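Chain letters run A, B, ... following the sequence lines, proteins first, then strands; residues in each count from 1. The structure displayed is predicted, hence computed values, not measured ones.
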Amino acid sequence: MTLSLNRRQLLAGTAAAGLASVLEGRRDAFAQAGPRTTINVRIDRELGVLDPIDRKGPWDGNIIRCVHQRLVKQKPNSAELENDAAAEIKQTSPTVVEFTLKPGQMFTDGFGEMTAEDVKFSFERIVTPPPGKPATYKGDWVNLEQVEVTGKYTGRIVLSAPRANLFDIAIGDVSGCILSKKAVEQRGDAIARQPVGSGPFRVENVEPQRGATLKRNPDYKGPAPRFEQINIRYVSDPRTTELALRSGELDFAILPPSIAESLRSVQGLTITQEPSIAYLWIGMNVEKGPLSDVRVRRAIRLGLDVDQMLVAGYNGKAPRLNTLLPPQIFGHWSDAPVYRRNVAEARKLLQEAGASNPRFKLLVLNQPAQQNMALVAQALLREVGITIDIDAQEGGTYWSAGKGDTGKNLDLFLLRFNGKHDPNFIMQWFLSSQIGNWNWQRWSNPEYDKLFTQSAGELDRDKRRDQVIRAQRLMDESAAYVWLTNESNFIVHRSWLRPTGVPGWIDWQYEGFAST
Amino acid sequence: MSGETARYLASRLVTTVLIVFGAMVLLFALSAIVPGDPAASLLGPQVEPDAARQFIQEMGFDRPVHERLWHFLANVLTGELGTDVVSRRPVAELIASVIPYTIVLTFAAILLAVVTGVPLGVYAATHRGSALDNVLAFVSVAFIAVPSFVVAIFLLLIFSIWLDWLPVLGAGAVGDWADQAKRLILPTVALSLGWVGFIARLVRSSMLEVMGENYIRTARAYGLPQAMITYKYALKNACIPTIAILGLGIGRLLGGAVLVEIVFSRPGLGRLIYDAILVRNYPVVQGAVLVVVVLFVLVNLVVDLSYSAIDPRIRRDVSRAGLPR
C-alpha cells in the first residue's frame with residue numbers, strides 16, 4: 001500500500017493534529033483524580049491591598065484573615081468568637097483586656113515566633129499608621145490608648161473608655177490581625193502583596209487582574225485547612241462566572257439571585273440561600289426643598305410598595321427589611337412597623353404639606369437590581385402625584401454624590417452598605433458627624449447621636465439593646481428612610497464542597513472550606 | 001534609507017509627539033471634569049474625612065490640572081508612570097504585567113481576520129454575483145453587525161459548555177504555553193469575527209476597483225495566468241486600504257478589547273483602564289492610556305510606512321504634502 005499526500009492535504013492534516021492536541025484533555029486541565037486538593041473561588045472585585053491597615057474591602061479582608069492569626073476568631077459558620085492566637089484572653093475591667101499568646105506560633109518566611117510585641121505593633125499601627133498611609137481603619141480601634149507588653153507572650157489592651165464591640169470589630173476582625181513587626185519593617189509596602197502571617201494559609205502569589213493563590217501553611221499550629229491550595233480568581237462578570245461554574249472551572253461563587261437560580265438544574269452544583277447583613281434603603285435628603293417636610297417623606301414612604309420593588313430587583317428572593325438592623329444583628333427591632341402602600345393617605349399628606357406634584361431625582365447605581373427597583377418606585381409614586389427622574393450613575397460618580405457640599409443637591413437615593421455583626425458599626429453612618437460623608441440623608445438628631453455613644457460603651461447587653469432599638473425608632477420617626485432589604489446571598493458551590501463563612505457571608509472563612 | 005523616507009519619518013515622529021501630548025491634555029481635562037471622588041472610591045466607606053484629605057493631597061489630586069499634567073509629563077520623560085493608588089505598585093509594573101496578553105490577543109485576532117477575510121474578499125470579487133458572493137455579503141455584514149461580546153458569549157456557550165472543548169476563564173497559567181494557547185482561541189475568534197467580515201467586504205470592493213484598471217487589462221492582454229493577475233498584481237494594490245484599516249484596527253484593539261477581556265476574564269490593557277476608571281484610579285488610567293496612545297500611533301506609523309513601501313506613489317505624495325523640499 002502506498003500513501004501519497006499532496007501539499008494541501010499535508011497542511012490540513014498538520015492543522016487538524018495541532019488543533020486536536022490543543023483541545024485534547026480539555027477536562028484534564030481542570031479535573032483532579034481522587035480527592036480535590038485545590039479549589040477555585042471567585043471574587044468579583046480585584047484584590048487591592050493585603051495589609052489590614054490599607055485593605056480595600058471584604059475580598060482583601062477574607063485573605064488577610066486566613067493568612068494572619070488574631071487573638072480570637074469566629075468559629076466556623078458563626079459570629080461567635082473562640083481563641084485563636086491567644087491561649088487566654090479576658091476583660092479584667094471595662095477598659096482593660098489581658099491576653100496571653102500561645103507559644104511557638106511561627107511567622108512564615110523565617111520571620112520567627114509571634115510575641116506580644118507583634119500584637120502591640122499590629123494594633124497600634126492601625127490607629128497611628130506610618131507616614132504615607134492613611135488611617136482608614138482608625139475607627140476600628142477607637143478608644144485604644146495603648147497595648148502594654150508585660151512579657152514575651154503577655155500583654156494588656158488598654159482603652160480610654162469602655163467599648164461594647166471591641167471584640168467583634170477590633171480584636172476579632174481584620175484590624176485585629178497580628179503581623180510580624182520585623183517583616184513589615186523589612187518589606188515595607190511590599191507587605192501588601194507578600195504578607196507574612198502565622199495563619200492557616202500563606203500567599204503564594206498575587207497577580208493583577210487575575211487574583212491570588214493561597215497555599216496551606218505547614219507551620220500553622222491550629223487545625224490544618226482541608227485544601228492544599230485555593231485559587232482566588234477575579235471574575236468581574238456574573239455571566240462568565242455562571243459559565244465557569246457550569247464548565248467546572250470555578251468551585252465557589254456568590255451570585256445575584258437571577259443567575260444563581262439558572263444554575264439550580266445543573267448537576268453537581270448546590271445553591272444555598274443565606275440572609276445577608278448588607279442593607280439597602282431609599283434615603284431622602286431632609287434638607288432639600290419639599291423633602292424637608294416630614295409629611296412629604298411620609299407620603300413617599302406610603303406611596304412605595306417595598307414588596308413589589310423587591311420582586312423587580314431580586315425576583316422576590318430577598319427578605320424585606322423594616323428597620324436599620326437586619327434580624328441576625330444584635331439589637332434588631334423586631335416590632336418595627338411594616339408600612340403598606342396607601343395611596344390615599346400619601347396624597348393626603350402631600351396636600352397637607354402643600355406639595356402639589358413634586359418632582360424629585362432618584363440616584364441609583366447603574367446596576368440591574370437597583371435600576372429595576374427605581375423603575376417600580378417611579379411608577380408607584382406617579383400614582384401618588386410625585387414625579388421621579390431616575391439618575392443612574394456608575395460607581396465612581398455614584399459613591400461621591402453624597403459627599404461634601406455636593407450632597408446638598410441630592411433628593412432621593414438608593415443606597416446599599418455592607419454590615420458587620422455589631423449594631424454600632426451599622427449605626428455609625430447615620431450620625432450627625434457623618435453629614436457630608438456617609439450620612440446622605442443629612443438627618444441630624446442629637447438623641448440618636450447620644451444613644452450611639454451610649455450603646456457603643458455599654459457593656460450591659462439589655463441596656464445596650466434598648467438603646468439601639470430606641471435609635472432605630474428615631475430613624476423611623478424621621479421618615480427619611482424607606483428600608484428595603486438586607487438581601488440574600490446565593491452561594492453556588494460544587495456539591496462536594498462545604499464552604500464556610502460568618503453569617504451574612506460578607507466574611508468568608510477559607511480555612512474552613514472542606515469537602516463533604 | 002532615502003532622504004525622502006527620512007524626512008517622512010521625521011514628520012511622522014513629530015506628529016506622534018503632538019498626538020500623544022494632545023491625548024494626554026484631553027485625558028487630564030476630562031479627569032478634571034468627570035465627577036467622582038477618588039478618596040471615596042479608593043479608600044472605602046470607613047475612611048475618616050481627615051485621612052481622605054491627606055490622601056488627596058499626597059496623590060496630588062488637589063492640584064490644578066495643568067500642574068498635574070506637567071508633573072505627569074515630566075515623570076514620563078524620566079520613565080516614571082506613577083504609582084497605582086490602590087495597590088501602591090508602580091503603574092509601569094502593572095502595565096508590563098498585562099500588556100503581553102493584550103498584544104498577543106490583538107495580533108492573533110488581526111492575523112485570523114486577515115487570513116480568513118482576505119481570501120473571502122478575493123473569492124467574492126473574482127466570483128462577483130455568484131451565489132457564494134451573495135452569501136458572503138450577507139454573512140460579512142452579519143459578522144460586522146454583531147458585537148464581539150455577544151459573539152464571545154455564544155462561543156462560550158457552544159465550545160465551553162455544550163461541546164466542552166475549550167475553557168471559559170482567564171489567559172492560562174504563567175509559563176504553560178499550551179494552556180495559554182487553548183485560552184486564546186475563543187477570545188481571538190470573538191474579536192476577529194467582525195474584522196473578518198469587514199476585511200472581506202473591503203478587499204472585495206478594492207479588488208473590483210483594481211480589476212478594472214488599465215494595467216490589469218494589459219496583463220490579461222499579455223495572456224498572464226488569471227491567478228497571477230489576481231494575486232500578484234491586483235491584490236497587492238487592493239490591499240492598501242485594508243492595510244490602512246488594519247492599522248486602525250490594531251490600535252483600537254490594543255485598548256478597546258475591554259468587553260471581550262471582561263467576558264473571558266482575561267488580563268489586558270483595556271480592562272486595566274476600565275477597572276481603574278470605575279474607582280477613579282487616575283495614575284493607572286493616565287499611564288495605561290499613554291501606553292495605548294503611543295502603541296496606536298506607532299502601529300499606524302509602521303502601517304503607513306509599509307503601504308508607502310508597497311506603493312511608491314503614496315510615498316511621493318506624502319513627502320510632497322509633508323515637508324517642503
Would a 4.5 Å heavy-atom cut-off, applied to side chains only, mark [X] and [Y] as touching?
| X | Y | answer |
| --- | --- | --- |
| Asp51(A) | Arg88(B) | no |
| Lys56(A) | Val86(B) | yes |
| Leu156(B) | Arg239(A) | no |
| Arg246(A) | Ser160(B) | no |

Over all atoms of both residues, closest heavy-atom pair of Ile262(B) and Thr240(A): O-OG1, 3.8 Å
Quick one: what part of [X] sits under 4.5 Å from any heavy atom of chain B, side chain, backbone, both or neither?
| X | value |
| --- | --- |
| Leu50(A) | neither |
| Asp54(A) | side chain |
| Tyr398(A) | neither |

Residue, of [options], that accumulates the most heavy atom pairs under 4.5 Å with chain B:
| options | answer |
| --- | --- |
| Asp237(A), Val235(A), Val49(A) | Val235(A) |
| Gln393(A), Gln209(A), Arg193(A) | Gln209(A) |
| Gly48(A), Ala244(A), Gly404(A) | Ala244(A) |

For Asp84(B), side-chain hydrogen bond (donor to acceptor under 3.5 Å, both in side chains) partners two or more places apart: Ser87(B), Asn281(B)
Any donor-acceptor pair under 3.5 Å from Glu46(A) side chain to Asp275(B) backbone: no
Proximity breakdown for Ala152(B) and chain A, heavy-atom pairs closer than 4.5 Å: neither
Which atoms of Val98(B) approach chain A - backbone, side chain, both or neither, heavy atom under 4.5 Å: side chain
Sorted by number, residues from residues 265-274 of chain B in contact with chain A (heavy atoms, under 4.5 Å): Ser265(B), Arg266(B), Pro267(B), Gly268(B), Arg271(B), Leu272(B)
Donor-acceptor pair between Ser97(B) and Arg210(A) side chains, under 3.5 angstrom: no
